[in-house]
> 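Starting off with a structure, shown below.
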Amino acid sequence: KQEVTQIPAALSVPEGENLVLNCSFTDSAIYNLQWFRQDPGKGLTSLLLIQSSQREQTSGRLNASLDKSSGRSTLYIAASQPGDSATYLCAVFNAGNNRKLIWGLGTSLAVNP
Amino acid sequence: DAGVIQSPRHEVTEMGQEVTLRCKPISGHNSLFWYRQTMMRGLELLIYFNNNVPIDDSGMPEDRFSAKMPNASFSTLKIQPSEPRDSAVYFCASSLRTSGSYNEQFFGPGTRLTVL
């Protein structure tokens, strides 16, 4: 059974720091991995999607990597800003019979001015 | 495009009452997903539809939960009777399923349900 774990559960950093959020998954049979952002009282916004054949994806100050064999992904945020404060969720889309998104519990990020 | 629309945004009800959550997917999308989010379990897929047909309802917790999609632009998730442990945020998402295994899902703002 696929399980997704995100570490740390919460993170507080001063503005301007570069930071890394971690995601691990137990079953490497995935089609892709996706990072989402969730703001309080709002839905989820997709940030980056990495196909299983890819190693990384970049969007602005965000860079996500994928090491499928070791079951790990990282989300790198460069030069963090207070507007980056949110919960970041990692989800993998399973291959095989159980084709659905399996979610981590998220990392709650606070970037302090 | 208005995105995925959910109503109500907040619902407070008493145990035993019927609760109906509503979702309007993005126009043109043919897949719809209902999720539940709690602090302890995170996001869980309850059910999803392709072309208005339920495909996988294995995540529906009990018979008290039911979902319908009478047409391409509307879906409901009903809980009857509701219990305090149903308190959670319920999200609806939609996607355009073409070829391949996965298409990006777009989420609504969610309905925060509190059952007293």
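Within every chain, numbering begins at 1; the chains are lettered A, B, ... in the order of the sequence lines, protein sequences first and strands thereafter.
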> So what's closer than 4.5 Å to chain A heavy atoms on B:L45: side chain, backbone, both or neither?
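The side chain, not the backbone.
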
> Side chain of B:E83, backbone of B:M15: donor and acceptor closer than 3.5 Å?
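The answer is no, because no donor-acceptor pair under 3.5 Å joins these two groups.
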
> Which is it for B:R112 and B:E11 under the salt bridge (Lys or Arg N to Asp or Glu O under 4.0 Å) test, yes or no, and what are the steps along the way?
CA-CA 6 Å; B:R112 181 173 295 277; B:E11 175 82 20; over 6 Å; no

> For the residue pair A:S65 / A:T74, report whether a side-chain donor-acceptor contact shorter than 3.5 Å exists.
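Yes, side-chain donor-acceptor contact under 3.5 Å.
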
> For B:R9, is it the side chain, the backbone, both or neither that has a heavy atom under 4.5 Å from a heavy atom of chain A?
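B:R9 touches chain A through side-chain heavy atoms alone.
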
> Given heavy-atom pairs under 4.5 angstrom as the criterion, report whether the side chain, backbone, both or neither of B:F106 touches chain A.
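B:F106 has no heavy atom closer than 4.5 Å to chain A.
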
> So what's closer than 4.5 Å to chain A heavy atoms on B:Q37: side chain, backbone, both or neither?
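Just the side chain, heavy atoms under 4.5 Å.
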
> Would you say the rings of B:F91 and A:W103 are close, in the sense that their centroids are separated by under 6.0 Å?
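Distance test on ring centres: not under 6.0 Å, no.
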
